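Report on the structure given below.
We name chains A, B, ... by the order of the sequence lines, and we start the count at 1 in each one. This one's a predicted model, so the numbers in the text were calculated from it and none came from an experiment.
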Number of protein chains: 2
Amino acid sequence: MRLLNRAGELLSSEGPSALSLRRLAADVNTSTTAVYSLFGGKPALLDALYDEGFRRFGQRLATVPETDDPVEDLIQIALTYRDSALEDRQFYVVMFSKVVPDFMPTTETYIAASGTFVPVVKTVQRAIDNGQFVGDEGPEVIGLALWSICHGLVGLELHGILPPGLEIAPVFERAVRATADGWRKR
Amino acid sequence: MRLLNRAGELLSSEGPSALSLRRLAADVNTSTTAVYSLFGGKPALLDALYDEGFRRFGQRLATVPETDDPVEDLIQIALTYRDSALEDRQFYVVMFSKVVPDFMPTTETYIAASGTFVPVVKTVQRAIDNGQFVGDEGPEVIGLALWSICHGLVGLELHGILPPGLEIAPVFERAVRATADGWRKR
DNA sequence: ATCGTATCGTAACATTGTTATAAAACGAAT
DNA sequence: ATTCGTTTTATAACAATGTTACGATACGAT
């Protein structure tokens, strides 16, 4: 589908505000009506992009190898999280920020998106079985905490609301490691 | 200024998409031109709301009392962070989410907003001096980590991207405490 | 009382998403 | 091969948005 490809390009190169139906239709030499017959409107198009964003995201996260040190695996997943977000930042804001008012993903695509979280929970479970992490909490809670520190730091970074003159990459890694340490048995 | 008050009301009750200049002007019986002479356009109006949001936010955070257990103080600040965000969620999305494309706060209001972060860093410094937290990292890094876990969890909660059937309040507190534990001397 | 600035109203303009209507394309069935 | 039905597309219009030009009004200081 040329429309969807071009929409992704526009989103990546010029951001969500450049993604107007007329602009998009003109770029692929068709009319705005095509978006309505093929997708069902702009929200549905955004939904497709949302889906595409999570597909890329999950694909990247899946490249992290599984070792016998699950906590270290989690660190690597977190670093990959940030790399992915920075590389596809325009998709990231569609996925995790409110770029278009009143946009809500379909429950189907939402469920597909939630799949991105599954490997994290599984790896946490391995760390619990391992004895590295405390076990009195479900793996979802620990996974959520790690997910959130990534989400929070990346969100602040993408919005430019971080203390100036800060080397972000090492701070990110340090913060993730400390967060993981907080769930270690002691 | 009636315009700003009404804008805040509209924002709080119906969200950013209901905040159109014509609607706003009609609600206070004036014309859209008023926004341009008094503020300078819609981005400038958003900037004023951004400022107002951080003012409320900082005011709430300042109510947390200072005890002789700075780490516990940080936990309470974090809980207040979440309460504030949930209470003024429409302001929160203006402050930390991209509700209007291409909106960037003025450097002045941005600096004023950064002031919200100062008490956190100070409290972290107290915990370092105290010997509760490790001291090989600057207080900004630790403060940023705590800030981010709040930001990330609240962001996911406001977007409705949290595992369903999850009691969020206790999970939030548990995650914040674990994150703080990650910086404790051991 | 007058002048200058600040504020406001009316109206227009460009752009956006959306939809009605009709034309065209395409595939399947007779 | 023709005909029918569905899908896709093009044109045009509509409502709503932010923005600006132009002129009128209000208001404060000199």
Side-chain angles (χ1 to χ4, degrees), chain A residues 1-53 90-91 93-95 97-106 108-109, chain B residues 1-53 90-91 93-95 97-106 108-109:
Chain A
M1 193 69 48
R2 302 224 321 288
L3 271 175
L4 196 57
N5 288 340
R6 182 58 186 153
E9 288 175 16
L10 273 176
L11 191 63
S12 292
S13 59
E14 305 185 39
S17 64
L19 190 60
S20 85
L21 293 192
R22 285 178 172 81
R23 168 82 185 277
L24 175 63
D27 281 7
V28 297
N29 282 320
T30 181
S31 188
T32 63
T33 326
V35 179
Y36 286 85
S37 31
L38 296 182
F39 292 93
K42 183 159 188 183
L45 178 71
L46 264 293
D47 199 68
L49 286 173
Y50 181 91
D51 205 41
E52 168 72 6
Q90 306 293 8
F91 279 92
V93 300
V94 168
M95 291 159 18
S97 203
K98 292 210 175 304
V99 285
V100 57
D102 308 328
F103 163 66
M104 284 291 299
T106 310
E108 302 168 305
T109 59
Chain B
M1 192 71 47
R2 302 224 323 286
L3 271 174
L4 196 58
N5 287 340
R6 183 58 187 152
E9 288 175 17
L10 273 177
L11 191 63
S12 293
S13 59
E14 305 185 40
S17 65
L19 191 61
S20 84
L21 293 192
R22 285 179 171 80
R23 168 82 186 277
L24 175 64
D27 282 6
V28 298
N29 283 318
T30 182
S31 187
T32 63
T33 325
V35 178
Y36 286 86
S37 27
L38 296 181
F39 293 92
K42 184 160 188 183
L45 178 72
L46 264 293
D47 199 69
L49 287 173
Y50 181 89
D51 204 43
E52 167 72 6
Q90 306 294 8
F91 278 92
V93 299
V94 168
M95 289 162 13
S97 202
K98 292 211 176 302
V99 285
V100 57
D102 308 329
F103 164 65
M104 284 290 299
T106 310
E108 303 167 303
T109 59

**Report entry** Five-pair end axes of the helix from C:dA1-D:dT30 to C:dT30-D:dA1, angle between them (10°)
**Finding:** 0°
Report task. Sort out for me which residue in B:L11, B:L19, B:D47 forms a side-chain contact (heavy atoms from CB on, under 4.5 Å) with B:V94. Result -> B:L11
Query raised in the report: Is there a donor-acceptor pair under 3.5 Å between the side chain of A:T106 and the backbone N or O of A:T109?
Result: no
Query raised in the report: Reading nucleotides 18-24 of chain D from the 5' end, what letters show protein touch, with B for base, S for backbone sugar-phosphate only, - for no heavy atom under 4.0 Å?
Result: BBB----
Report task. Please find the earliest and latest nucleotides of DNA chain C, in the 5' to 3' direction, that have an atom within less than 4.0 Å of any heavy atom of chain B. Result ->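 The contact span of chain B on DNA chain C goes from C:dT7 to C:dA12.
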Query raised in the report: Any idea which heavy atoms bring A:G53 and A:F91 closest together, and the distance?
Result: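 Scanning both residues completely, I find the closest heavy atoms to be CA-CD2, 3.7 Å.
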Requested in this report: Give the minimum heavy-atom separation between B:S17 and B:E14, together with the two atoms involved.
Outcome: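 Heavy atoms of B:S17 and B:E14 come nearest at OG-O, 4.4 Å.
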In the structure I gave you, are the side-chain heavy atoms of [X] and [Y] within less than 4.5 Å of one another anywhere?
{"X": "A:R23", "Y": "A:L10", "answer": "yes"}
{"X": "B:Y36", "Y": "B:L21", "answer": "yes"}
{"X": "B:L24", "Y": "B:R6", "answer": "yes"}

Working to the nearest 0.5 angstrom, can you tell me the gap between [X] [atom1] and [Y] [atom2]?
{"X": "B:T30", "Y": "B:L38", "atom1": "OG1", "atom2": "CG", "answer": "8.0 Å"}
{"X": "A:L46", "Y": "A:M95", "atom1": "CG", "atom2": "CE", "answer": "13.0 Å"}
{"X": "A:N5", "Y": "A:E52", "atom1": "CG", "atom2": "CD", "answer": "8.0 Å"}

